[in-house]
Amino acid sequence: MFLWGVATSAYQVEGAPENDWTEWERLGKLKEREVRCGPASGHRERWRQDLQLLPTIGANAYRYSLEWSRLEPRPGEFDPAALEREAERAGFLRALGVEPVVTLLHYTHPAWFWKAGGWENRESVVWFRRFAELVGAALPGVRMWVTVNEPITFILGGYLGGLIPPGKSSFASAAKALEHLLRAQTEAALALAARPSGARCGIAHNMLDFAPDRPDSALDRKLVQAGEALYNLALVEATATGRMRWSFPGEGIVEFAIPDLPGAVAFLGVNYYSRVHLRFRGMPGAVGEFFYRDRAARGLTDTGWEVHPQGFDRVLRSAARAGLPILVTENGIATTDDRLRRSFLHEHCLILSGRIAAGALIEGYFHWSLLDNFEWLEGFRPRFGLFEVDYATFARRRRPSADLFAALGRRFTASGVSSPGASSSGVAGR
Ligand code: FCB
């Protein structure tokens with residue numbers, strides 16, 4: 001069955017007592033310095049009610065993440081109550097007829113992980129596999145996993161841009177961290193796949209559509225090729241070949257092989273939101289700049305992003321180069337004008353059905369997000385939810401786009417594309 005669902009991440013809807021982001025907030029690193037995630041959307045108290053919304057929007061699947069800092073508060077020490085709670089959550093979803101799709105790592109890390117050197121420490125591979133093994137054993141009924149959310153975006157933001165934890169700006173650190181992160185996700189995926197339930201694992205890869213800021217500039221066009229390779233294609237190709245070649249213009253190149261990677265990954269998750277325009281600058285440390293342009297004059301979203309459905313078509317074609325089934329693991333818009341959300345949803349679903357009709361093996365679609373939530377550096381201002389959250393009372397209010405989502409879901413699930421674990425792409429069994 002085609003997976004039709006919504007996505008959230010743990011920290012963004014329920015916060016955490018103490019992790020790298022709580023510290024990042026204390027350091028005043030969000031756009032508005034005084035903002036704290038706190039209980040986020042209040043989902044921790046209200047998780048049952050919130051999950052009961054899923055059948056009302058026709059969702060047969062739900063993508064959510066585990067908060068590593070809650071499950072393993074100290075290295076090697078797992079909290080049995082937290083594990084039990086996750087088992088209860090997965091069981092609750094099942095009872096609702098909703099397939100759990102569980103992300104192991106969605107941006108947040110326990111504080112101890114960074115104290116011990118984070119992803120630059122080769123031991124991180126062992127720590128992450130241990131985490132995967134433990135939660136895999138605690139959640140035997142979970143068949144679909146996302147190992148890591150947006151590895152490339154995370155490395156760029158955390159190790160080159162200094163924007164998110166661990167806040168570094170060093171290509172050498174980024175290169176090391178990327179290698180360990182991809183090795184770790186491969187080992188985690190193999191550990192999960194070896195479980196008797198035969199889990200299927202994928203990576204959620206953020207993909208952007210790229211365009212030259214000045215179409216007549218050869219330098220801008222060259223930068224677009226480099227950006228496309230670095231941001232979109234390097235990971236897609238690594239999942240196909242087991243070889244990673246990651247080159248950042250003006251910074252360096254890193255190459256490594258993970259022969260087990262192609263066999264460990266059963267699907268490629270695609271997170272698509274927008275298009276960016278690249279402009280060559282050629283300054284040391286600043287080869288280029290990127291912009292969200294409003295080329296179609298339809299207004300940028302509340303995160304300042306361009307709405308560009310045609311880019312969705314392009315990235316889905318690029319993602320197919322992995323030779324794996326695709327799962328759209330995120331797609332959505334930050335807006336308080338729900339009419340814009342409805343047209344966004346409509347237009348992106350048209351692209352999706354066009355790709356499916358053309359024969360692309362797409363197994364599902366997850367809209368970001370079920371609820372309004374904590375949008376990282378942007379705080380609570382961007383509203384991505386099919387359900388609005390009143391942050392003063394935590395009341396939920398259904399937006400009309402939730403009805404459209406349900407109606408579209410009836411079409412996608414009726415046409416039946418493929419079912420988890422029963423892939424017909426020639427990569428069955430991975
Ligand atoms: C993605 C992130 C997700 C959310 C959306 C808007 O890049 O994976 O957590 O913040 O953007």
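For reference, positions follow the sequence shown, starting with 1. Everything numeric in this text was worked out from a predicted model, so none of it was measured. Each ligand, and each atom within it, is numbered from 1 in the order the structure gives.
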Colleague: Which bit of T153 is near ligand 1, meaning a heavy atom under 4.0 Å away: side chain, backbone, both or neither?
Modeller: neither
Colleague: Would you confirm whether S69, through its side chain, and H109, through its main-chain N or O, come within 3.5 Å as a donor-acceptor pair?
Modeller: no
Colleague: Give the residue and atom name of whichever protein heavy atom lies nearest to atom 5 (C) of ligand 1, and the separation in Å to one decimal.
Modeller: Y273 OH, 3.2 Å
Colleague: Run the numbers for me: atoms of ligand 1, each under 4.0 Å from some heavy atom of E375, listed by number.
Modeller: 4 (C), 5 (C), 6 (C), 10 (O)
Colleague: I need the atoms of ligand 1 closer than 4.0 Å to a non-hydrogen atom of Q12, numbered in the order shown.
Modeller: 3 (C), 4 (C), 9 (O), 10 (O)
Colleague: If the condition is side chain to side chain donor-acceptor pair (under 3.5 Å), which residues does T186 pass it with, not counting sequence neighbours?
Modeller: none
Colleague: Taking distance alone, with N or O pairs closer than 3.5 Å, would you say S9 contacts ligand 1?
Modeller: no
Colleague: Under 4.0 Å from a heavy atom of N206: give me the atoms of ligand 1 that qualify, with their elements.
Modeller: 7 (O)
Colleague: Please examine the side chains of D50 and F387, heavy atoms only from C-beta on, and report whether any two atoms are closer than 4.5 Å.
Modeller: no
Colleague: Going by side-chain contact (heavy atoms from CB on, under 4.5 Å), name the residues that satisfy it together with V224, two or more places apart in sequence or in a different chain.
Modeller: F210, P212, L278
Colleague: Go through it in stages, so that I can follow the logic: the residues are E306 and F291, the test is side chain to side chain contact (heavy atoms under 4.5 Å, CB included), and I'd like the CA-CA distance, side-chain angles, deciding distance and then a yes or no.
Modeller: CA-CA 9 Å; E306 181 188 10; F291 305 94; over 6 Å; no
Colleague: Flag the pair E289 and R281 as a salt bridge only when some basic side-chain nitrogen lies within less than 4.0 angstrom of an acidic carboxylate oxygen.
Modeller: yes
Colleague: What is the closest protein heavy atom to atom 2 (C) of ligand 1, and at what distance does it sit?
Modeller: E330 OE1, 3.3 Å
Colleague: Looking only at distances, can you tell me whether any N or O atom of W368, backbone or side chain, sits closer than 3.5 Å to an N or O atom of ligand 1?
Modeller: no
Colleague: Applying a heavy-atom cut-off of 4.0 Å, say which part of N149 lies close to ligand 1: side chain, backbone, both or neither.
Modeller: side chain
Colleague: Which ligand 1 atoms are under 4.0 Å away from a heavy-atom of H106?
Modeller: 2 (C), 3 (C), 8 (O), 9 (O)
Colleague: In terms of heavy-atom contacts, does CZ of R342 have more than 12 from other residues, nucleotides or ligands at under 6.0 Å?
Modeller: yes
